[in-house]
Novice: 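Just dropping this structure here.
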Amino acid sequence: MDDALKDRLKEDEARRPGEPDTLPEERAAEIAREETAGIAQMAPEAGLTRRPRLSPLNIRRWENFKANRRGYWSLWIFLFLFVVTSFAELVANDRPLLVEYKGEFYYPVLVDYPEEVFGGFLPVTNYRDPFVQEEIEANGWAIWPPIRYSYQTVNNEIPTPAPSAPSWLFTEEERCQRYPLGVEDPNCNLGNMNWLGTDDQARDVASRLIYGFRISVLFGLILTGASAVIGVAAGAVQGYFGGWVDLLFQRFIEIWSSIPVLYLLLIIAAILPPGFWILLGIMLLFSWVAFVGVVRAEFLRARNFEYVTAARSLGVGDWTIMVRHLLPNAMVATLTFLPFILNGSITTLTSLDFLGFGLPPGSPSLGELLAQGKNNLQAPWLGFSGFIVLSLMLSLLVFVGEAVRDAFDPRKSFR
């Protein structure tokens, strides 16, 4: 015992002379517990031990990921582009973000207001109509997004027949010649410029790229996530139980994988109307198979390890062993596989749109833009813009996948 504790024990004995004696060791332990509780009550953060948010292994993995500068910066660039395109309506839209009209505020980007609110008679307001713009300007003001076109907005003031070249290739007089007041027209401004030109239906290419990027990434993320859940579950069951379960599953997967997906898509497209969720469901029927082999191999390798045998001997159930003990080890290989599966999902959607069996006509699609570039060789901005955006997206995901693979490399994580 230290001197402070001895002094406290002597004082306690002097204050309690009539009580029976207590063993010094027991009383010292009681006093120590009281002091520890008092310290914890006075300063809770001092009495509690804060656990780190990440384990040492995951910290080393994160450091290894950051060491790959190309993959690290690719992740931030991709996240920035995804966040910006996720709010595409605030970046490219044919409606104002905010309107102040006769002392009241309106939010056209969120609510469909009838035109009678602004002095008209149509059921839906066309904010590009000169009458509506003059009425709003005379009785208030409007804040527009940087690009005043949505993905389906047709520009009737393009200087040449569609597909029209990017606006910065024309002089100001040529660019504004279709407007009523020419160069002096208030609508001949930066927001109404077609920075990447228009497609063969006079729709703004820049806005279609923004919306197309978003729908491609969302399609890939949903398809990859759903495929991972099904594939990991199937591979875990195969690898853990083995025997006839594994044999029957493998024969089923071999038969299922031999079905020609493209022919099936053609048949279903002839029966059902094309749509985002229909296409996603059809692709999900076959994309989950890619995860089964990786997870099955990890479970086959680890199911006879010592800690699994010890868990069985302690009476732990099979599903608990699979989820709590084997699955975290199998997810290492699965996580390194995810970015490349995401790449394949986006490429598949682009290919189907290019062939005309993907999203409904008029949808903002990178594959449809590439198809327009093929059909309009005199308008190279169509093919080049779609190719550059698609290449950038896939390259960023590949670089991120390489960095994730390095981060989970056991030779680097366990040094």
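Numbering of residues begins at 1 and proceeds along the displayed sequence.
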Novice: Is it true that Tyr127 and Phe118 have ring centroids separated by less than 6.0 Å?
Specialist: yes
Novice: Are any non-hydrogen side-chain atoms of Val99 and Pro108 less than 4.5 angstrom apart?
Specialist: yes
Novice: Say whether, by atom type as modelled, one donor and one acceptor occur between the side chain of Arg214 and the main chain of Ser86 under 3.5 angstrom.
Specialist: yes
Novice: Nearest 0.5 Å please: distance from the OG1 atom of Thr85 over to the CZ atom of Phe80.
Specialist: 10.0 Å
Novice: With a 4.5 Å limit on heavy-atom distance, are the side chains of Ile230 and Leu284 in contact?
Specialist: yes
Novice: Does the Ser313 side chain pair with the main chain of Ala310, one donor and one acceptor, at a distance under 3.5 Å?
Specialist: yes
Novice: Angle class for the Phe299/Tyr240 ring planes (parallel below 30°, perpendicular above 60°, tilted otherwise)?
Specialist: perpendicular
Novice: Checking side-chain polar atoms at under 3.5 Å, does Thr160 have a donor or acceptor matched by the opposite partner on Ser164?
Specialist: yes
Novice: Rounded at 0.5 Å granularity, tell me how far CD1 in Ile77 sits from CG in Leu392.
Specialist: 7.5 Å
Novice: Check the surroundings of atom CZ in Phe387: do more than 12 heavy atoms from other residues, nucleotides or ligands lie under 6.0 Å from it?
Specialist: no
Novice: When you measure from the side chain of Asp204 to the backbone of Ser207, do you find a donor-acceptor pair of N or O atoms at a distance under 3.5 Å?
Specialist: yes
Novice: Between Leu196 and Pro166, what is the shortest heavy-atom contact and its length?
Specialist: C-CG, 3.8 Å
Novice: Do Glu368 and Arg203 meet the salt-bridge criterion of a basic N to acidic O distance under 4.0 Å?
Specialist: yes
Novice: Does Phe252 CZ have over 12 foreign heavy atoms under 6.0 Å away?
Specialist: yes
Novice: Taking atom CZ as the centre, does Arg324 end up with more than 12 heavy-atom neighbours from other residues, nucleotides or ligands that are less than 6.0 angstrom away?
Specialist: no
Novice: Please name the pair of heavy atoms, one in Glu89 and one in Val109, separated by the smallest distance, quoted to 0.1 Å.
Specialist: O-CG2, 3.7 Å
Novice: Side chains of Arg128 and Asn187: donor-acceptor distance under 3.5 Å anywhere?
Specialist: no
Novice: Nearest 0.5 angstrom please: Ile346 CD1 to Leu221 CG, how far?
Specialist: 7.0 Å
Novice: Are a donor atom and an acceptor atom from the side chains of Asn155 and Asn194 found within less than 3.5 Å of each other?
Specialist: yes
Novice: Any side-chain heavy atom of Leu90 sitting closer than 4.5 Å to one from Leu97?
Specialist: yes
Novice: What orientation do Phe78 and Phe213 show, parallel under 30°, tilted 30 to 60°, or perpendicular over 60°?
Specialist: tilted
Novice: Would you say the side chain of Val111 lies within less than 4.5 Å of the side chain of Tyr106, judging by non-hydrogen atoms?
Specialist: no
Novice: Would you find a donor on one side and an acceptor on the other, under 3.5 Å apart, between the side chain of Ser150 and the backbone of Asn93?
Specialist: no
Novice: Please examine the side chains of Thr334 and Val232, heavy atoms only from C-beta on, and report whether any two atoms are closer than 4.5 Å.
Specialist: yes
Novice: Does any part of the side chain of Ile210, heavy atoms only, come nearer than 4.5 Å to the side chain of Ile147, both counted from C-beta?
Specialist: yes
Novice: Just verifying a value: how many Å separate Leu397 CG and Leu338 CG, rounded to the nearest 0.5 Å?
Specialist: 11.5 Å
Novice: Checking the side chain of Trp168 only, and the main-chain atoms of Trp195 only, is there a donor and an acceptor separated by less than 3.5 Å?
Specialist: yes
Novice: Does some side-chain heavy atom of Gln152 sit less than 4.5 Å from a side-chain heavy atom of Tyr211?
Specialist: no
Novice: Below 4.5 Å, heavy atoms only, C-beta onward: do Trp319 and Val237 meet side chain to side chain?
Specialist: yes
Novice: Quick one: closest heavy-atom pair of Met393 and Ser216, and the distance?
Specialist: CE-CB, 4.2 Å
Novice: Check for me whether Arg70 meets the cation-pi criterion with Phe399, that is, NZ or CZ under 6.0 Å from the six-membered ring centre and within 45 degrees of the ring axis.
Specialist: yes
Novice: To the nearest 0.5 Å, what is the distance between CE (Met283) and CD1 (Ile278)?
Specialist: 14.5 Å
Novice: Within a reach of under 6.0 Å around CD of Gln250, are more than 12 heavy atoms found that belong to other residues, nucleotides or ligands?
Specialist: yes
Novice: Could you report the tightest heavy-atom contact between Asn192 and Tyr149, atom names first, then the distance?
Specialist: O-OH, 2.5 Å
Novice: For the backbone of Phe241 and the side chain of Gln238, can you confirm whether one donor and one acceptor N or O come within less than 3.5 Å of each other?
Specialist: no
Novice: Between Asn68 and Glu402, does any side-chain donor sit less than 3.5 Å from a side-chain acceptor?
Specialist: no
Novice: If I take atom CG from residue Leu366 and atom CG from residue Leu349, how far apart are they, to the nearest 0.5 angstrom?
Specialist: 8.0 Å
Novice: Write down the atom of Pro145, the atom of Val91, and the distance for their closest heavy-atom approach.
Specialist: CB-O, 3.6 Å
Novice: Determine whether the aromatic ring centres of residues Trp62 and Phe65 are separated by less than 6.0 angstrom.
Specialist: yes
Novice: Looking at Ser363 and Ser365, would you say the former's side chain and the latter's main chain have a donor-acceptor pair under 3.5 Å?
Specialist: no
Novice: Any chance the side chains of Asp406 and Asn64 put a donor and an acceptor closer than 3.5 Å?
Specialist: no
Novice: Is Arg60 salt-bridged to Glu63, going by a charged N under 4.0 Å from an acidic O?
Specialist: no
Novice: At their closest point, which heavy atom of Leu369 faces which heavy atom of Ser385, and how far apart are they?
Specialist: CD2-OG, 3.8 Å
Novice: Between the side chains of Arg95 and Asp112, is the shortest nitrogen-to-carboxylate-oxygen separation below 4.0 Å, so that they form an ion pair?
Specialist: yes
Novice: More than 12 heavy atoms of other residues, nucleotides or ligands under 6.0 Å from CH2 of Trp141: yes or no?
Specialist: yes
Novice: Please check if the number of heavy atoms outside Trp73 that lie under 6.0 Å from its CH2 is greater than 12.
Specialist: no
